[in-house]
Peer 1: 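So that we are looking at the same thing, I have put the structure below in structure tokens.
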Amino acid sequence: MIRVRMAPSPTGFLHIGGVRTFLFNWLFARGREGGECLLRIENTDTGREVAESTEQIKRSLSWLGIDWDGEVRFQLDRMDECQQLARRLVDEGKAYEDEGAIRFRMPDDGETGWDDVVRGRIDFPNAQLEDVVLVRSDGRPTYNFASPVEDMLDGISHVIRGSDHVSNTPKQIQVLGALGAELPVYAHASDVLGTDGKKLSKRHGAQSVDELREQGYIPAAIVNFLARLGWAYDDKTEVFSREELVEHFSLERVSASPAVFDYQKLAWLNGVHLRNLPPEEYADRVSAYLRDQGAEWKEDLVRKAAPLVQEKIETLAEFQAYTRFLFEDVSPDPSLLDGGSPVLAEAEIALAGLEPFTADQIERVLRGLAERLELKPREAFQPLRIAVTGSKISPGLFESLELLGREETLRRLRAARGAAA
RNA sequence: GCCCCCAUCGACUAGCGGCCCAGGUCGCCACCCUUUCAAGGUGGUAGCGCGGGUUCGAAUCCCGCUGGGGGCACCA
């Protein structure tokens, strides 16, 4: 029976490095027959608990598509069991009271070690292990007691966590041994570092799932990127769907060395996944994002505009810059219109009677016009683009005009002619 | 200070003794395609931290050094 747990502490938003650890747990469990993945909130330090953070963690994981089995558990709910177990250890002489707290009696010589799935054999000299507090004087268990106890009670088979827990492991192994529990398999993944080589922190741009979401990254890309940070399937595959990740993930191929979070690669992957989306789903993503951001753009027009930029943007945040001209009037820079007037006037005439007003027809007419004026396509189209979209950069001209509609197109051509003159 | 871990292009990585004068991807540069921007195509740039071993042979194994990370709480 495979059972793992994701164990955030409720001290704030979900950190991107933590998410990767959870993702490893989740991929591992979902890839095994009958594997289960629990969500446990490690809240034994009541003083540091931040209100709402549990809800925020659940929301972020759900948004990423990382789910869990059963109810969310809270470590403090096992307070009674922890106290009883600690009592028992005292009775057996394996722990002792110390000014109201209960401390574990660590062995003085020998070594404590384990075979880590990602790091290989690790041994600690027991002399290095201090007598850890199991239960505080106010009765609350500490992390180093509650965590292994709960792992035991829940039948956790694999403990997959960050390398910052390596030095806790020998202590927890000793506690588990004293309790007569079977040891789980341990796998300690490395840390995620910022671009400066330091552990990811507030200084490194986006560091929470919420921030990534605001910046226009989508779950498929984030999951793909995070999975590839410290893990590789082979020597060439970079793009994975969620299903492929579940199918191929293995702890044995997780790297022990720290990885740097590279926003450029994340952006590239985001573009790849955005382009891979079926048009309908892509439109869903775009409008959901705009709603999230509080942009009050007409939904049906957003959906129609979506296909025009699916090939062009890397993050959802770029959508508005490309399509703003469809939602608002434009004010083209007159200097950019210079010399374009003949094209503007001719286009206005040519498009005025065009029926039907579709991208295909618009293209046919405008290409013909460029030929008559003996202009290269780019020379003829750029003034039109600027006149109608107000920018040198836009989605395809013909599709853009179709969407804008004849009336508005002609109006803008006229306005531009006035401005250029 | 003590303990533990890590070390291949700028970044993510493949490599588990000969297939590697090191492969893929992002980035960057050039060219092609092209209605702009992208996308796509082609080519290029760039790396085994250092020093000792072991071996016929080392990116791969061992030791040391250096560098980086983590931990040493009645935090998690």
Side-chain angles (χ1 to χ4, degrees), chain A residues 7-11 18 41-49 75 98-103 113 116 118-120 122-125 127-130 132-147 161-171 188 190-193 195 197-199 225 228-239 253 255-269 271-272 274-275 309-314 318 321-322 363 366-367 370 375-386 389 391-400:
Chain A
S9 56
T11 50
I41 308 294
E42 308 218 308
N43 61 343
T44 46
D45 184 11
T46 45
R48 292 207 319 176
E49 188 157 353
Q75 199 154 63
D98 175 29
E99 291 175 26
I102 297 177
R103 275 184 193 278
D116 199 280
V118 341
R119 281 158 200 272
I122 300 177
D123 289 293
F124 279 80
Q128 200 65 215
L129 310 177
E130 75 274 21
V132 294
V133 169
L134 264 25
V135 179
R136 299 174 171 93
S137 33
D138 68 1
R140 285 148 50 223
T142 59
Y143 162 77
N144 269 320
F145 188 48
S147 184
R161 66 211 328 191
S163 69
D164 49 331
H165 286 290
V166 167
S167 57
N168 287 322
T169 306
K171 301 172 196 169
H188 289 91
S190 60
D191 293 318
V192 178
L193 273 28
T195 326
K198 296 275 165 36
K199 198 174 173 188
F225 176 76
R228 278 287 288 102
L229 219 50
W231 173 83
Y233 172 59
D234 58 18
D235 62 345
K236 50 178 166 295
T237 317
E238 296 287 344
V239 180
R253 292 190 67 85
S255 163
S257 52
V260 174
F261 191 103
D262 180 2
Y263 289 92
Q264 286 189 308
K265 188 156 184 178
L266 204 214
W268 169 74
L269 258 181
V272 170
L274 241 25
R275 275 174 252 125
V309 292
Q310 183 162 9
E311 288 285 317
K312 298 182 185 297
I313 64 177
E314 234 167 24
E318 295 162 65
Y322 266 96
E363 175 166 10
L366 292 183
R367 282 194 188 281
L375 289 172
K376 288 180 187 160
R378 61 183 344 121
E379 293 168 335
F381 300 157
Q382 198 64 349
L384 296 177
R385 181 190 317 283
I386 289 163
T389 71
S391 169
K392 290 190 283 188
I393 301 169
S394 82
L397 219 211
F398 319 123
E399 296 85 346
S400 294

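Residue numbers start from 1 in every chain, and the chains themselves are labelled A, B, ... in the order their sequence lines are given, proteins ahead of strands.
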Peer 1: With sugar-phosphate meaning primed atoms plus P, OP1 and OP2, does Ser257(A) contact a base, only sugar-phosphate, or nothing at under 4.0 Å between heavy atoms?
Peer 2: sugar-phosphate

Peer 1: Here's a test for you: under side-chain hydrogen bond (donor to acceptor under 3.5 Å, both in side chains), which of Ser391(A), Ser394(A), Ser400(A) qualifies with Arg385(A)?
Peer 2: Ser394(A)

Peer 1: For atom P, what is the distance between G53(B) and A7(B), given to the nearest Å?
Peer 2: 23 Å

Peer 1: Spell out yes or no: do the side chain of Asn168(A) and the base of A76(B) have one donor N/O and one acceptor N/O closer than 3.5 Å?
Peer 2: yes

Peer 1: Who pairs with Asp45(A) by side chain to side chain donor-acceptor pair (under 3.5 Å), at least two apart in sequence or on another chain?
Peer 2: Arg48(A)

Peer 1: I want to verify a distance call: between A73(B), G71(B), C6(B), whose nearest atom is closest to the Pro258(A) side chain?
Peer 2: C6(B)

Peer 1: With a 4.0 Å cut-off on heavy atoms, is Thr44(A) in touch with a base, just the backbone sugar-phosphate, or nothing at all?
Peer 2: sugar-phosphate

Peer 1: Taking the C1' atom in each of C9(B) and C29(B), what is the distance between them to the nearest angstrom?
Peer 2: 15 Å

Peer 1: NA contact type, Asp138(A), heavy-atom cut-off 4.0 Å: base, sugar-phosphate, or nothing?
Peer 2: nothing

Peer 1: What nucleotide among U36(B), U13(B), G24(B) has an atom nearest to a side-chain atom of Ile393(A)?
Peer 2: U36(B)

Peer 1: How is Glu379(A) classified with respect to the nucleic acid when contacts are heavy atoms under 4.0 Å: base, sugar-phosphate, or nothing?
Peer 2: nothing

Peer 1: Do the rings of Phe225(A) and Phe261(A) sit parallel, tilted or perpendicular, given the 30° and 60° boundaries?
Peer 2: perpendicular

Peer 1: Between A76(B), G24(B), U36(B), spot the one nearest the side chain of Lys265(A), thanks.
Peer 2: G24(B)

Peer 1: Sticking with atom C1', work out how far U8(B) lies from C16(B), rounded to a whole angstrom.
Peer 2: 14 Å

Peer 1: At 4.0 Å (heavy atoms only), tell me whether Ala101(A) reaches a base, stays on the sugar-phosphate, or touches nothing.
Peer 2: base

Peer 1: At 4.0 Å (heavy atoms only), tell me whether His188(A) reaches a base, stays on the sugar-phosphate, or touches nothing.
Peer 2: nothing

Peer 1: Work out how far the P atom of G47(B) is from that of A11(B), and round it to whole angstrom.
Peer 2: 12 Å

Peer 1: Leu229(A) has a side chain; which of C12(B), C5(B), A73(B) sits nearest to it?
Peer 2: C12(B)

Peer 1: So what does Phe225(A) touch, heavy atoms closer than 4.0 Å: a base, only the sugar-phosphate, or nothing?
Peer 2: nothing

Peer 1: Please determine whether any donor N or O and acceptor N or O are separated by less than 3.5 Å between the side chain of Lys236(A) and the base of U25(B).
Peer 2: no

Peer 1: Looking only at side-chain atoms of Arg228(A), point me to the closest of A76(B), C26(B), U13(B).
Peer 2: U13(B)

Peer 1: Can you find a donor-acceptor pair, distance only, under 3.5 Å between Arg385(A) side chain and U35(B) base?
Peer 2: yes

Peer 1: Look at the side chain of Arg119(A) and decide which nucleotide, out of G27(B), C6(B), C5(B), has an atom nearest to it.
Peer 2: C5(B)

Peer 1: Return yes if the base of G40(B) and the side-chain atoms of Glu311(A) contain a donor-acceptor N/O pair under 3.5 Å, otherwise no.
Peer 2: no

Peer 1: Taking only Lys NZ, Arg NE, NH1 and NH2, and the carboxylate oxygens of Asp or Glu, determine whether Glu238(A) and Lys265(A) approach each other closer than 4.0 Å.
Peer 2: yes

Peer 1: So does Pro258(A) get a backbone contact from the side chain of Asp191(A), meaning a donor-acceptor N/O pair under 3.5 Å?
Peer 2: no

Peer 1: Side chain of Ser167(A), base of C72(B): donor and acceptor closer than 3.5 Å?
Peer 2: no

Peer 1: Can a side chain N or O of Arg136(A) be found less than 4.0 Å away from OP1 or OP2 on A76(B)?
Peer 2: yes

Peer 1: Which is true for Arg253(A) with a 4.0 Å heavy-atom rule: it touches a base, it touches only sugar-phosphate, or it touches nothing?
Peer 2: sugar-phosphate

Peer 1: For G27(B) versus A46(B), give the span between their C1' atoms, rounded off to a whole number of Å.
Peer 2: 11 Å

Peer 1: Arg367(A) near the nucleic acid: base, sugar-phosphate alone, or nothing, with a heavy-atom cut-off under 4.0 Å?
Peer 2: base

Peer 1: Would you mind telling me which of C74(B), C4(B), A76(B) lies closest to the side-chain atoms of Val166(A)?
Peer 2: C4(B)

Peer 1: Quick one: does Asp116(A)'s side chain have a donor or acceptor within less than 3.5 Å of a partner on Val118(A)'s backbone?
Peer 2: yes

Peer 1: Regarding Gly230(A), tell me which of base, sugar-phosphate or nothing describes its non-hydrogen contacts under 4.0 Å with the strands shown.
Peer 2: sugar-phosphate

Peer 1: For C74(B) versus U13(B), give the span between their C1' atoms, rounded off to a whole number of Å.
Peer 2: 43 Å

Peer 1: For Gln264(A), which contact category applies under a 4.0 Å heavy-atom criterion: base, sugar-phosphate, or nothing?
Peer 2: sugar-phosphate

Peer 1: Using a heavy-atom cut-off of 4.0 Å across all strands, would you classify Leu397(A) as base, sugar-phosphate, or nothing?
Peer 2: base

Peer 1: Quick one: label Pro395(A) by what it contacts on the DNA or RNA (base, sugar-phosphate, nothing), any heavy atom closer than 4.0 Å.
Peer 2: base

Peer 1: Would you indicate which nucleotide in C5(B), U36(B), G71(B) comes nearest to any side-chain atom of Gln382(A)?
Peer 2: U36(B)

Peer 1: Compare side-chain N and O positions of Arg103(A) against OP1 and OP2 of A73(B) and report whether any pair is under 4.0 Å apart.
Peer 2: no

Peer 1: Given the P atoms of C21(B) and C28(B), what is the spacing between them in whole Å?
Peer 2: 30 Å

Peer 1: Should Glu318(A) and Lys312(A) count as an ion pair when the cut-off is N to O under 4.0 Å?
Peer 2: no

Peer 1: Counting only side-chain heavy atoms from C-beta out, which of C4(B), G70(B), C3(B) sits nearest to Gln128(A)?
Peer 2: C3(B)

Peer 1: Check every atom of C75(B), C12(B), A14(B) against the side chain of Asp235(A) and return the nucleotide holding the closest atom.
Peer 2: A14(B)

Peer 1: Taking any heavy-atom pair under 4.0 Å as a contact, classify Ser9(A): base, sugar-phosphate, or nothing.
Peer 2: sugar-phosphate

Peer 1: Ion pair present between Glu311(A) and Arg275(A), side-chain N to carboxylate O less than 4.0 angstrom?
Peer 2: no

